[in-house]
Amino acid sequence: MTSALARRDDIAEALALVPPAVDERELVKAARTIATKIAAPNAADVDENARFPSETFAALKEAGLLGIMVPQALGGQGASVACVSEICAALAQACASSGMIYAMHQIKMSSLTVHCLDSEWHRGFMRACAEEQLLLASATTEGGGVGGDMRQSICGVQRDGDMFDLAKDGCLISYGAYADAILITARRTPDAPASDQVMAVMRADQYRLEKTGAWNTMGMRGTCSDNFFFSGRAPAEQIIPLAFADISAQSMLPYAHLLWASVWYGIASDAVARSEAFVRAEARKRPGATPPSALRLAELLTLQQRFKALVVAGIDRYERAKDDADELTSIGFGVAMNAIKISASQSAGEIVNAAFLICGIMGYRNDSPYSLARPMRDALSAPIMINNDRILGNVSNLLAVYKHDASLLR
Amino acid sequence: MKTTIRDILAKHGRLPAPVGGLSDDDDLHAAGLTSFGSVEVMMALEEAFGIEFPDRMLNRRNFSSISAIEQAVMTVQAEEAA
């Protein structure tokens with residue numbers, strides 16, 4: 001991973017109290033240990049029972065890894081997107097659901113760390129995230145025909161003096177029942193246009209979740225992405241001041257697509273590692289002869305390298321654009337991040353699929369150490385997690401004016 | 001130029017409320033301009049003024065108000081004339 005320095009927030013600099021940059025390698029090392037020692041041995045059970053990976057998240061909380069994106073001045077480590085991506089990949093290699101939950105949590109955290117440094121209430125909340133290691137979930141989808149189009153809301157914020165009420169029907173909230181707080185979108189007012197949205201932070205004691213549907217899927221079973229009727233009441237200062245359109249374009253889009261891509265990279269890495277182990281075992285059975293599957297493995301490694309380059313280039317582009325609002329809201333940046341999502345989601349399935357030719361029947365079995373069943377089922381979620389066709393459709397809407405930038409290094 | 005921009009917004013912007021009710025500096029995104037609507041507006045602006053917005057100008061700020069659009073059109077016109 002790149003040696004990106006921890007982000008130093010303005011306030012700390014103003015007070016000349018910039019602590020030494022956190023060694024992000026230590027954070028990644030701690031995550032890898034949790035991935036290997038806790039997430040991996042529980043992954044099969046999480047998958048089989050479609051249950052929340054509670055042991056893994058207890059360990060991540062214990063190690064302080066949930067609050068690492070919080071700026072140092074607010075008690076966190078100001079971890080970079082590169083660091084968080086690496087942790088997502090490490091967790092996903094052991095348990096894809098754990099990696100995805102961690103990614104979704106940090107995507108929510110990015111809305112706070114990128115846009116809420118000037119908001120008193122949200123600064124306090126970020127401190128709490130670091131101190132109490134709060135797990136954040138997202139309620140951006142809605143029933144009533146809105147579905148997964150998170151840039152439209154039906155429900156609106158009902159203001160009542162200094163308080164607001166919010167009720168949202170039919171929203172899918174991943175690990176909603178296990179979250180300490182939910183970031184929820186709604187129209188700015190009940191009468192506002194569907195796309196004029198805000199996002200509010202609500203703590204678990206400020207809302208009620210009524211489960212209306214259970215998550216029973218092929219893969220990513222541990223994310224527990226149940227459907228809920230959400231209703232809550234909280235002080236109006238908990239509404240993020242910036243329009244959701246800006247949050248969506250400037251931080252959610254890049255964080256979501258880069259962290260998801262990192263999770264899918266982790267799933268692909270799991271399949272590659274199983275294939276490598278299979279080929280090594282074959283080689284040891286017949287010393288002096290290269291196993292036929294080694295050629296396929298050589299080919300698989302080129303696919304994995306291509307995937308890695310895609311994600312790393314995306315991280316690099318975000319790092320260079322992150323302080324430039326015009327660049328972050330440009331069509332070109334959006335097209336690039338969407339291209340990363342599409343390409344990464346396809347690569348994950350392609351790589352796991354190719355691994356079957358290497359591991360053969362041992363990959364197809366559910367009970368072999370080379371089983372590719374869970375990675376395959378998990379990888380199949382990638383193209384439909386925000387459907388690739390929806391994304392391509394959104395991009396195609398821009399092509400009447402968009403001209404791609406031909407430079408290699410932008 | 002602002003009149004032309006207002007006409008284009010009314011015709012292509014897909015705004016839920018009449019453009020006449022907006023001041024030159026009102027936030028068009030808050031008024032309901034979606035990304036799809038803004039692309040339609042960009043296309044109509046390119047057509048009406050005979051210009052092409054370069055990639056780096058296709059961002060949210062340049063299309064955030066009637067004044068901002070006017071500024072963006074003038075910038076491209078100046079660049080194309082240079």
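Residue numbers start from 1 in every chain, and the chains themselves are labelled A, B, ... in the order their sequence lines are given, proteins ahead of strands.
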Best-contacting candidate, A/Asp196, A/Leu399, A/Val401, A/Asp326, against chain B by heavy atom pairs under 4.5 angstrom: A/Asp326
Checking side-chain polar atoms at under 3.5 Å, does B/Asp25 have a donor or acceptor matched by the opposite partner on B/Ser23? no
Would you indicate whether B/Glu80, at its atom CD, is surrounded by more than 12 heavy atoms from other residues, nucleotides or ligands within a distance under 6.0 Å? yes
Between B/Ala31 and chain A, which part of the residue has a heavy atom less than 4.5 Å away: side chain, backbone, both or neither? backbone
Where does the angle between the aromatic ring planes of A/Tyr255 and A/Tyr318 fall among parallel (under 30°), tilted (30 to 60°) and perpendicular (over 60°)? perpendicular
If the threshold is 4.0 Å, N to carboxylate O, is there a salt bridge linking B/Asp24 and B/Arg6? yes
Output the option from B/Glu40, B/Glu46, B/Met57 having the highest count of non-hydrogen pairs under 4.5 Å with chain A. B/Glu46
With respect to chain A, which residue among B/Thr34, B/Leu58, B/Leu15, B/Leu33 yields the maximal number of heavy-atom pairs within a distance under 4.5 Å? B/Leu58
